[in-house]
Amino acid sequence: MESGGLLLWALPSALLLALLLQLSPRLRFRAKVLSYCALCLMASALTAPACLLWNGGRTVENMRIIKNVVRSFKYLYGLRFDVKGLEHFQVEGPCVIVSNHQSVLDMMGLMEILPDRCVQIGKRELLYFGSVGLIMYLGGVIFINRKSTSNAKSVMSGVGQAMTTDNVKVWIYPEGTRNGNGDLLPFKKGAFHLAIQTQVPVIPVVYSSFTTFYNPEKNLFTSGRIRVEVLPPIHTSGMTATDVTELCDTCYTTMRETFFRLSGTARRVNGSTPHLAQ
Ligand SMILES: CCCCCCCCCCCCCC(=O)SCCNC(=O)CCNC(=O)[C@H](O)C(C)(C)COP(=O)(O)OP(=O)(O)OC[C@H]1O[C@@H](n2cnc3c(N)ncnc32)[C@H](O)[C@@H]1OP(=O)(O)O
Ligand SMILES: CCCCCCCC/C=C\CCCCCCCC(=O)OC[C@@H](O)COP(=O)(O)O
């Protein structure tokens, strides 16, 4: 009797939802993004105990576990990564990895190629994203307060010391925020100060544009292919604070050219309207 009643409600509701998703591209897009967030929350909640049992607490070693979990997400969303230049990660000791940042989907691209003993710099707000914040904390993500330059700078100088004493690589998104407008935002300089202060190489990584398969403005979120290129390390030994701007500009120019080449797009004309990233 009870299961009959449940069927009476559940079946039409499921059919109605399926119909709505078919009819409204916006709803379909939102549902897919929401499913990704739910997957991240669920996977993080299940992975956190494994990290605690295996490694006991906050340590970069947990990134290996997190990486293996996140690498399976791409199959659910029909994403394919074509990666070139992985050999450039084989530098002795620490380095600063810089890459472009287009959307929350970047976590899949990040974990696809993340080298061993590598942590990321993330905005402090991410710490409060429930189990996702917990897993980032356990993986050793370094949180910065973007609203306070002095705080961000002092955290970054602490990172420099830890990089050399603990032999860790640091992954930074120098655009400082997500940007899905089919171009790169101007770079912030924190990553380049860090590399020069610690005299370690900078390794640029470029992901092709997502706009052909993921575009919130067009409610587009389909399967797709992402081309990834790890570029040769840029050595900083002998550089000083006066070289930061030039290093930053060199990386920006090289990465932007690579981005357009990988995306198969021409250079952007200034003034074109960017769309919001999600
Ligand atoms: C299943 C779930 C999976 C989860 C997976 C886990 C993975 C998680 C992945 C998480 C991914 C999360 C991804 C994310 O969350 S991305 C968002 C967070 N990340 C970043 O913002 C990183 C990039 N930002 C920067 O580098 C900024 O520069 C910082 C934040 C440091 C300051 O920015 P701010 O906007 O406040 O200031 P400014 O850049 O205008 O600079 C002002 C001045 O200071 C100088 N200056 C800067 N730095 C230094 C320094 N160190 N020593 C000395 N000087 C320094 C600089 O040259 C400039 O001077 P001048 O040149 O104009 O004279
Ligand atoms: C109990 C609280 C529950 C809160 C639930 C929150 C739901 C969100 C859940 C999952 C989102 C999965 C995202 C995985 C990590 C994403 C990292 C990321 O891409 O962060 C954005 C950051 O780089 C730049 O931020 P802005 O572009 O400046 O903004």
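Note that ligands are numbered from 1 as they come in the structure, with each ligand's atoms numbered from 1 the same way.
The option with the heavy atom closest to atom 28 (O) of ligand 1, from among Ala195, Gly190, Ala43, is Gly190. Between atom 14 (C) of ligand 1 and the options Ser154, Ser131, Gly122, the minimum heavy-atom separation is to Gly122.
With ligand atoms numbered from 1 in the order given, ligand 1 contributes 22 (C), 23 (C) to contacts under 4.0 Å with heavy atoms of Ile172. Near Leu126, meaning under 4.0 Å from any of its heavy atoms, are these atoms of ligand 1: 12 (C), 15 (O). Near Ile121, meaning under 4.0 Å from one of its heavy atoms, ligand 1 places the atoms 12 (C), 13 (C), 14 (C). Distances below 4.0 Å separate heavy atoms of Met111 from the following atoms of ligand 1: 5 (C), 6 (C), 7 (C). Atoms of ligand 1 lying under 4.0 Å from any heavy atom of Gly176, numbered from 1 in the order shown and given with element: 17 (C), 20 (C), 21 (O).
Backbone and side-chain nitrogen or oxygen atoms of His193 are examined, and one is located within less than 3.5 angstrom of a nitrogen or oxygen of ligand 1. Residue Gln197 places at least one N or O, backbone or side chain, under 3.5 Å from an N or O of ligand 1. By the 3.5 Å distance cut-off applied to N or O atoms, Ala152 is not counted among the residues near ligand 1. Considering both main-chain and side-chain atoms, Ser148 never comes within under 3.5 Å of ligand 1 through any nitrogen or oxygen pair. The N/O atoms of His101, backbone and side chain alike, include none that comes under 3.5 Å of an N/O atom in ligand 1. Considering backbone and side-chain atoms together, Gln120 places no N or O closer than 3.5 Å to any N or O of ligand 1. Here's the thing with Thr149: one of its N/O atoms is less than 3.5 angstrom from an N/O atom of ligand 1.
Annotation: the span from Leu134 atom CG to Ser44 atom OG amounts to 8.0 Å, rounded to 0.5 Å. Separating the SG atom in Cys95 from the NE2 atom in His88 is a distance of 12.5 Å, to the nearest 0.5 Å. Taking CZ of Phe81 as the start and NZ of Lys74 as the end, the distance is 7.0 Å to the nearest 0.5 Å. A distance of 9.0 Å separates NE2 in His193 from CE in Met156, rounded to the nearest 0.5 Å. To the nearest 0.5 Å, atom CG of residue Asp249 and atom CG of residue Asp243 are 11.5 Å apart.
Heavy-atom contacts from other residues, nucleotides or ligands closer than 6.0 Å to OH of Tyr137 number 12 or fewer. In Arg124, the CZ atom is not crowded: 12 or fewer heavy atoms of neighbouring residues, nucleotides or ligands sit closer than 6.0 Å. Heavy-atom contacts from other residues, nucleotides or ligands closer than 6.0 Å to CD of Glu87 number more than 12. For Glu246, the CD atom counts as loosely surrounded, since its 6.0 Å shell holds 12 or fewer non-hydrogen atoms of other residues, nucleotides or ligands.
The protein reaches atom 34 (P) of ligand 1 closely, with a heavy atom under 4.0 angstrom from it. For atom 59 (O) of ligand 1, no protein heavy-atom neighbour is present inside the 4.0 Å cut-off.
With hydrogens left out, the protein atom closest to atom 9 (C) of ligand 1 is Met107 SD, 3.6 Å, a heavy atom. Of the protein's heavy atoms, Ser44 OG, 3.5 Å lies nearest to atom 1 (C) of ligand 1. Protein heavy atom at the shortest distance from atom 30 (C) of ligand 1 is Ile144 CD1, 3.5 Å. Counting only heavy atoms of the protein, atom 4 (C) of ligand 1 lies nearest to Ile135 CG2, 4.1 Å. Of the protein's heavy atoms, Lys123 N, 2.8 Å lies nearest to atom 15 (O) of ligand 1. If you check which protein heavy atom lies closest to atom 25 (C) of ligand 1, you get Lys188 CB, 3.6 Å. Among protein heavy atoms, the minimum distance from atom 23 (C) of ligand 1 is reached at Tyr173 O, 3.4 Å. Of all protein heavy atoms, the one closest to atom 61 (O) of ligand 1 is Lys189 NZ, 2.8 Å.
Residues Ser209 and Thr265 fail the side-chain proximity criterion, which asks for heavy atoms closer than 4.5 Å. By the 4.5 Å heavy-atom criterion applied to side chains, Trp54 and Thr59 are not counted as neighbours.
Of the charged side-chain nitrogens involved, none lies within less than 4.0 Å of a carboxylate oxygen, so that Lys67 and Glu112 do not count as a salt-bridged pair. A salt bridge links Arg80 with Asp82: at least one charged nitrogen is closer than 4.0 Å to a carboxylate oxygen.
By the side-chain contact (heavy atoms from CB on, under 4.5 Å) test, Asp116 is found to be paired with Arg64, residues two or more places apart in sequence or in another chain being considered. Applying the side-chain contact (heavy atoms from CB on, under 4.5 Å) rule to Thr165 yields no partners; only residues at least two apart in sequence or on another chain are considered. Every side-chain contact (heavy atoms from CB on, under 4.5 Å) that Leu126 has, sequence neighbours left out, goes to Lys123, Phe129, Met136, Phe143.
Using the six-membered ring where Trp is involved, Phe29 and Tyr214 have ring planes that are tilted, between 30° and 60° apart.
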Could you give the N/O to N/O pairs under 3.5 Å linking ligand 2 and the protein, each with its distance?
from     : atom 1 : to     : atom 2 : distance (Å)
ligand 2 : 23 (O) : His101 : NE2    : 2.6
ligand 2 : 25 (O) : Lys123 : NZ     : 3.1
ligand 2 : 27 (O) : Thr177 : OG1    : 2.9
ligand 2 : 27 (O) : Arg178 : N      : 3.0
ligand 2 : 27 (O) : Arg178 : NE     : 2.7
ligand 2 : 27 (O) : Arg178 : NH2    : 3.3
ligand 2 : 28 (O) : Arg146 : NH1    : 2.9
ligand 2 : 28 (O) : Arg146 : NH2    : 3.0
ligand 2 : 28 (O) : Thr177 : OG1    : 2.7
ligand 2 : 29 (O) : Lys123 : NZ     : 2.9
ligand 2 : 29 (O) : Arg178 : NH2    : 2.8

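Cluster annotation: Met239 is connected to Leu194 through the hydrophobic network of ILVMFWY side chains, with a link wherever side-chain heavy atoms come within less than 4.5 Å.
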